[in-house]
There are 2 protein chains.
Amino acid sequence: MRILVVEDEVDLAHTLHTGLTAEGYSVDLAHDGRQGLWMARTGEYALVVLDLMLPGLNGYKVCAQLRREGNATPILVLTAKDGEWDQAEALDTGADDYLAKPFSYMVLVARLRALVRRAAAVAPPVLAVGDLSLDVAGRVCRRAGTRVELTPREFAVLEVLARRAGQAVSKADLLYHAWPDEALDPNLVEARVSALRKKVDAAFRRQSLQTVRGTGYRLVDDRERD
Amino acid sequence: MRILVVEDEVDLAHTLHTGLTAEGYSVDLAHDGRQGLWMARTGEYALVVLDLMLPGLNGYKVCAQLRREGNATPILVLTAKDGEWDQAEALDTGADDYLAKPFSYMVLVARLRALVRRAAAVAPPVLAVGDLSLDVAGRVCRRAGTRVELTPREFAVLEVLARRAGQAVSKADLLYHAWPDEALDPNLVEARVSALRKKVDAAFRRQSLQTVRGTGYRLVDDRERD
DNA sequence: CTCACCCCATGCGCATCCTGGTGGTCGAAG
DNA sequence: CTTCGACCACCAGGATGCGCATGGGGTGAG
């Protein structure tokens with residue numbers, strides 16, 4: 001369970017990091033709005049804790065932008081003021097909950113847990129790119145409705161690519177996200193992608209897993225197009 | 001049996017907590033409407049005791065919001081006034097019963113017990129996945145109509161899987177939910193699943209209990225399709 | 001006491017993944 | 001257009017660890 005904390009105050013960021021890590025979450029930190037937006041886009045977080053007062057790009061804009069892009073990751077907003085106006089605006093831009101500073105740590109954890117649980121119950125955990133679908137909860141992969149058996153590692157790699165469909169994902173990123181303990185050899189990725197292509201592309205005469213030479217790979221919808 | 005008490009008056013909250021705990025319930029407290037709403041949303045409570053007069057978000061709104069979200073947890077409302085109007089409005093927003101303050105503790109417990117019982121009777125306590133059915137209340141398991149004898153632990157494991165049919169459930173999750181006192185060894189799960197497969201699958205030439213390597217297990221309807 | 005249940009330890013089988021190597025492909029520079 | 005170097009695809013063999021099955025013994029219920 002991965003959580004992104006976007007917070008520029010180093011003390012608070014540090015506190016949140018250690019605290020949430022102790023709760024059993026994997027915590028990543030972003031120190032400004034732009035970085036936060038970038039990291040959140042990967043879609044790999046179960047929840048984003050977002051401060052409203054941020055250098056660069058403020059929290060409202062990060063939140064609004066993510067929602068505009070169709071990203072449905074639950075967002076818990078931290079706000080210094082507790083005026084009604086502040087809350088209203090935050091929730092209007094698409095945040096799922098807010099918390100006024102200073103806040104009780106217990107309350108934060110409770111709200112956060114509730115958010116994660118609700119999101120899991122509501123959000124359809126199915127990633128789709130063209131006629132390729134990944135049921136993340138069920139660990140089931142389908143191409144045009146017919147089921148494709150994937151090994152755990154293959155599924156992990158494909159999931160990362162699907163979460164960033166259309167974007168090129170570097171091998172370093174794939175290694176980082178699909179290999180729990182850090183591995184280093186880019187060949188690992190190449191080997192898994194090769195296996196994936198057989199099952200997911202070649203077996204269906206398709207080419208949705210593209211190589212981006214010098215960078216990595218990209219998963220696209222290849223049904224129409226030139 | 002878990003109960004949520006949403007009550008801002010600390011004395012009353014404390015009284016309820018100790019009293020209901022003595023009755024054998026597990027009691028959680030929320031001190032305002034907003035917190036109450038969040039906790040109730042988790043859906044893990046057999047009943048919610050809800051004061052109408054609350055800071056932040058009043059009881060009417062909490063109740064209405066929960067019902068709007070499809071949450072069917074029984075709600076027992078506590079109201080300071082006992083006017084007809086008050087009662088009507090509470091019941092209209094979806095509460096299941098009300099009690100005017102001051103109330104007798106005995107009456108509260110009785111009403112509460114009745115509510116829990118009624119809810120249990122109304123909610124269909126039969127989980128079905130394909131032709132496999134689990135009568136949770138009666139602890140009866142059937143495959144295609146014929147009865148299958150399960151031990152308590154086996155039933156608990158199968159119930160968890162059935163509640164999340166189609167999804168992969170991790171061994172850690174199964175351990176957490178099917179072993180009351182925390183256990184740690186994943187082998188416990190493997191052993192129970194192994195026994196379950198014999199009774200529920202092998203005896204019927206079926207394969208509804210699937211292994212999801214590296215993750216856990218999944219219960220599916222295996223009669224049709226891929 | 002008897003019996004059912006289930007924890008616990010163990011060994012085996014096999015899927016999965018890594019390793020290393022070879023041949024192929026791409027792209028830029030000559 | 002050709003050449004060259006770097007990058008990539010893919011294969012086969014072998015190690016690792018996961019998951020399955022089994023049974024003995026402890027424990028609690030009736």
Side-chain angles (χ1 to χ4, degrees), chain A residues 139-141 147-161 168-203 205-220 222, chain B residues 139-141 147-161 168-203 206-220:
Chain A
R139 308 257 101 189
V140 171
C141 169
R147 186 152 165 194
V148 179
E149 296 295 339
L150 298 182
T151 72
R153 196 52 59 83
E154 286 164 4
F155 196 94
V157 171
L158 193 55
E159 182 179 336
V160 175
L161 288 169
V169 183
S170 74
K171 292 179 193 176
D173 261 19
L174 287 167
L175 277 173
Y176 177 76
H177 290 114
W179 273 258
D181 42 346
E182 33 199 321
L184 294 165
D185 190 355
N187 198 327
L188 299 185
V189 180
E190 292 160 10
R192 283 316 97 209
V193 170
S194 174
L196 274 172
R197 282 211 246 249
K198 263 191 205 148
K199 296 183 177 178
V200 154
D201 271 350
R205 305 273 162 77
R206 301 289 289 283
Q207 296 187 35
S208 56
L209 266 170
Q210 303 179 342
T211 301
V212 183
R213 209 175 169 78
T215 304
Y217 299 92
R218 179 179 16 183
L219 180 63
V220 299
D222 64 326
Chain B
R139 305 264 106 187
V140 172
C141 169
R147 185 151 170 191
V148 179
E149 296 296 337
L150 297 183
T151 71
R153 195 53 59 84
E154 286 164 4
F155 196 94
V157 171
L158 193 55
E159 182 180 337
V160 175
L161 289 169
V169 183
S170 74
K171 292 178 191 175
D173 262 20
L174 287 166
L175 277 174
Y176 178 77
H177 286 110
W179 273 258
D181 43 345
E182 32 200 320
L184 294 165
D185 190 355
N187 199 329
L188 299 185
V189 181
E190 292 160 11
R192 282 318 96 207
V193 169
S194 176
L196 273 172
R197 280 209 248 247
K198 267 190 200 145
K199 297 183 177 179
V200 155
D201 270 350
R206 301 290 289 283
Q207 297 186 36
S208 56
L209 265 171
Q210 302 180 342
T211 301
V212 183
R213 200 158 233 268
T215 303
Y217 299 92
R218 178 177 36 196
L219 180 63
V220 300

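In what follows, chains are A, B, ... by sequence order, proteins preceding strands, each numbered from 1.
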[X] to [Y] - nearest heavy-atom pair and separation:
X: A/Arg139; Y: B/Ala168; answer: CG-CB, 3.7 Å
X: A/Val140; Y: B/Arg218; answer: CG2-NH1, 2.8 Å
X: B/Val160; Y: B/His177; answer: CG2-CB, 3.7 Å
X: A/Thr151; Y: A/Lys199; answer: CG2-NZ, 4.0 Å
X: A/Leu196; Y: A/Glu154; answer: CD1-O, 3.7 Å
X: B/Val220; Y: B/Gln210; answer: CG2-NE2, 3.4 Å

Quick one: is A/Trp179 getting a side-chain N or O under 4.0 Å of the C/dC17 phosphate, OP1 or OP2?
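Indeed not, no polar side-chain atom of A/Trp179 lies that close.
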To the nearest 0.5 Å, what is the distance between CG on A/Asp201 and CG on A/Leu219?
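So the gap between those two atoms works out to 8.0 Å.
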Rounded to the nearest 0.5 Å, what separation is found between the OG1 atom of B/Thr211 and the CD atom of B/Glu190?
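Going from OG1 on B/Thr211 over to CD on B/Glu190, the span is 9.0 Å.
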Do [X] and [Y] make a side-chain contact, defined as non-hydrogen atoms from C-beta onward lying under 4.5 Å apart?
X: B/Leu161; Y: B/Leu174; result: yes
X: B/Glu159; Y: B/Leu150; result: no
X: B/Val212; Y: B/Tyr217; result: no

Produce the list of close N/O pairs, under 3.5 Å, pairing protein atoms with atoms of nucleotides 19-24 of chain D; give distances to one decimal.
| residue | atom | partner | partner atom | Å |
| --- | --- | --- | --- | --- |
| D/dG19 | OP1 | B/Gly214 | N | 2.6 |
| D/dG19 | OP2 | B/Lys171 | NZ | 2.9 |
| D/dG19 | O5' | B/Lys171 | NZ | 3.4 |
| D/dC20 | OP1 | B/Arg197 | NH2 | 2.4 |
| D/dC20 | OP1 | B/Thr211 | OG1 | 2.4 |
| D/dC20 | OP2 | B/Tyr217 | OH | 2.3 |
| D/dA21 | OP2 | B/Ser194 | OG | 3.0 |
| D/dA21 | N6 | B/Asn187 | ND2 | 3.4 |
| D/dT22 | OP2 | B/Lys198 | NZ | 3.2 |

Please give, in whole Å, the distance from [N] [atom2] to [X] [atom1]?
X: B/Leu150; N: C/dA4; atom1: CG; atom2: P; result: 16 Å
X: B/Gln210; N: C/dA15; atom1: CD; atom2: P; result: 16 Å
X: A/Glu149; N: C/dT16; atom1: CD; atom2: P; result: 9 Å
X: A/Arg139; N: D/dC18; atom1: CZ; atom2: C1'; result: 16 Å
X: A/Leu188; N: D/dC10; atom1: CG; atom2: P; result: 16 Å

Can you sort out which residues in residues 153-161 of chain A have a heavy atom within less than 4.0 Å of DNA chain C? Ascending by number, please.
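Contacts with DNA chain C under 4.0 Å: A/Arg153.
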Looking at every strand, decide which applies to B/Pro152 at a 4.0 Å heavy-atom threshold: base, sugar-phosphate, or nothing.
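B/Pro152: backbone/sugar contact only, no base atoms under 4.0 Å.
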State, to the nearest 10°, the angle formed by the axis through the first five base pairs of the helix from C/dC1-D/dG30 to C/dG30-D/dC1 and the axis through its last five.
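Rounded value for the end-axis angle: 40°.
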